[in-house]
Amino acid sequence: MFKRLPGDTSGLVTTTPETSVVFAPTVIRTPAIVTLVIWAFRLVAGVVRLVIRHPIAVAVTGGTAALWVRFDWQEAAMVTGVMLAEVGLLWVVAPRLWARWIGWRLVAWARMTFVYGPRWQSTMAIAGLTASIKGRVFVPRLVRVRCSGWADVLTVRMLRGQAPGAWAERTPNLLSGLGGVSCRVAVLKGARLRVTIVRRDELAVPLAALPVPEVATVGPVEIGRQENGEPYRLKVHGTHVLVAGATGAGKGSYIWSVIRGLLPAMAAGLVEVWALDPKRMELSFGRRLFGKRYAATPEECTELLERAVRVMQERADRYAGRRRSHVPTPDDPFVLVIVDEVAFLTAYQEDRGLRHRILAALATLTTQGRAVGVGVLAALQDPRKEVLTIRNLFPDKIALRLDEAEQVDMVLGDGARDRGALADEISQTQVEGAGVGYVRLEGSPDPVRVRAAYVSDDDIRNMERGYGVDGGTW
Ligand SMILES: Nc1ncnc2c1ncn2[C@@H]1O[C@H](COP(=O)(O)OP(=O)(O)OP(=O)(O)O)[C@@H](O)[C@H]1O
Ligand SMILES: [Mg+2]
């Protein structure tokens, strides 16, 4: 507060009590014209921003108003009515297109105006994401809201000097302030963040095993669902896949969903699944599906892997100079080598000779098998380099529930956790979390949350009954 000093008659004031230094703030009267110019500038800037952000709404409203002024209200009402009818027709004819271009944009506008806008400043302040410097309050800017059936995606500009980690730590605050069932923060370019507020978790309950496909195909196998409700298809032919997750994370459901999706192709002779089950707890259950191509002891596993290497080398000799990619046929089927808990064969294998042979075979398969139709799908509990030195030879990786935050980047690559792959935060309860994981889909650096369908023991028994080697269709 300004304070009048004793004996001071000339209107001098000080802002700091008890000081001998006296100063008077200079008060300049702003001429009215300056104020008017500032207001006019703000008005123009606001209109320009409105036109840029909501071009369609401005065009419709502006067009109607112009018609009204130029002609009369009947014309304006008619033209606007026709336009609205066309929009309505689009809704009937192409509802998805309508939703994408109009529906969800209107929802986003409404949420920005009535939900996020009003709650933003107080939520930021209570979450401790604002800053106050010399009495001026800085609030991160909410740039854009996009909505879809399952989540709202907010683009936010952080304050200068703020770290994305500060936001990631405060996701519970954001959730309680803005609503939603879960929230995650991913770093975009510059000082921008993407805050995804999930409103309806499509993956909250386990998915039952998907129906066995009717056509025999090795193409991407549908094995579950993505966070946005769309099917999740895993490519196995033409790549190698590593599924990493702590014990009980649901690695088995990935393995079995892949096998289930490939059953018709196996029956048609286009795919051979070679099963390595060193723990004897997973693939042994459906043994009859694999016939002789099943191994459990380290010796058998080594033999089977080396056999796969020989198949691969024989094909490479045949293909050399003739073709560069593999097309599965009954003569040259796609060989998918599935290894449950690969560390049992590598890091935890006591026999050094066997360990060396297994690692050499796995490394050969993962470096040279892709183009000749030999793929590896391996499950792993502990993704550290010491445990699986060749983990980078797998082009595609899936991170299920992991014990530590650092393990996420080990599996999905640097920066994956910052981009929102919170695999260490997946629920430990089986109903909510088993089978849930993060993957990087082709063509996007952003990890996507997925859940594999759960193939129960009964499902596996039925699979064996229909497709098992003895008594089955092949
Ligand atoms: N996709 C899923 N949906 C729902 N529940 C699942 C799913 N996958 C697995 N589960 C449940 O979680 C349990 C453990 O799964 P699973 O055996 O596949 O784990 P794991 O990752 O292979 O563990 P470990 O490394 O110990 O073998 C299963 O018995 C099942 O009850
Ligand atoms: Mg397992």
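Ligands are counted one by one from 1 in listed order, and the atoms in each one are counted from 1 as well.
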For each nitrogen or oxygen atom of ligand 1, which protein N/O atoms lie closer than 3.5 Å, and how far apart are they, rounded to 0.1 Å?
from: ligand 1; atom 1: 1 (N); to: Ser253; atom 2: OG; distance (Å): 3.1
from: ligand 1; atom 1: 1 (N); to: Ala452; atom 2: O; distance (Å): 2.8
from: ligand 1; atom 1: 3 (N); to: Ala434; atom 2: O; distance (Å): 3.2
from: ligand 1; atom 1: 8 (N); to: Ser253; atom 2: OG; distance (Å): 3.3
from: ligand 1; atom 1: 18 (O); to: Gly252; atom 2: N; distance (Å): 2.9
from: ligand 1; atom 1: 19 (O); to: Gly250; atom 2: N; distance (Å): 3.2
from: ligand 1; atom 1: 21 (O); to: Ala249; atom 2: N; distance (Å): 3.2
from: ligand 1; atom 1: 21 (O); to: Gly250; atom 2: N; distance (Å): 3.0
from: ligand 1; atom 1: 21 (O); to: Lys251; atom 2: N; distance (Å): 2.9
from: ligand 1; atom 1: 21 (O); to: Lys251; atom 2: NZ; distance (Å): 2.8
from: ligand 1; atom 1: 23 (O); to: Gly248; atom 2: N; distance (Å): 2.8
from: ligand 1; atom 1: 25 (O); to: Lys251; atom 2: NZ; distance (Å): 2.6
from: ligand 1; atom 1: 25 (O); to: Gln381; atom 2: NE2; distance (Å): 2.8
from: ligand 1; atom 1: 26 (O); to: Thr247; atom 2: OG1; distance (Å): 2.5
from: ligand 1; atom 1: 27 (O); to: Lys279; atom 2: NZ; distance (Å): 2.8
from: ligand 1; atom 1: 31 (O); to: Gln430; atom 2: OE1; distance (Å): 3.4

(request) Check Ala452 against Ser253 and note the closest heavy-atom contact, atom names and distance. (result) CB-OG, 3.8 Å

(message) With no hydrogens and no angle check, just 3.5 Å: does a side-chain donor-acceptor pair link Tyr454 and Asp459?
(response) no

(request) For the residue pair Glu169 and Trp167, confirm or rule out a side-chain donor-acceptor distance under 3.5 Å. (result) no

(message) Quick test of your reading of the model: are Arg315 and Asp332 salt-bridged, counting only N-O distances below 4.0 Å?
(response) yes

(request) May I have all residue pairs that pass ring-ring contact (aromatic ring centres under 6.0 Å, His included) and include part of residues 213-238, sequence neighbours excluded? (result) His237-His326, His237-Phe334

(request) Would you check if there is a donor-acceptor pair between the side chains of Tyr467 and Asn462 at a distance under 3.5 Å? (result) no

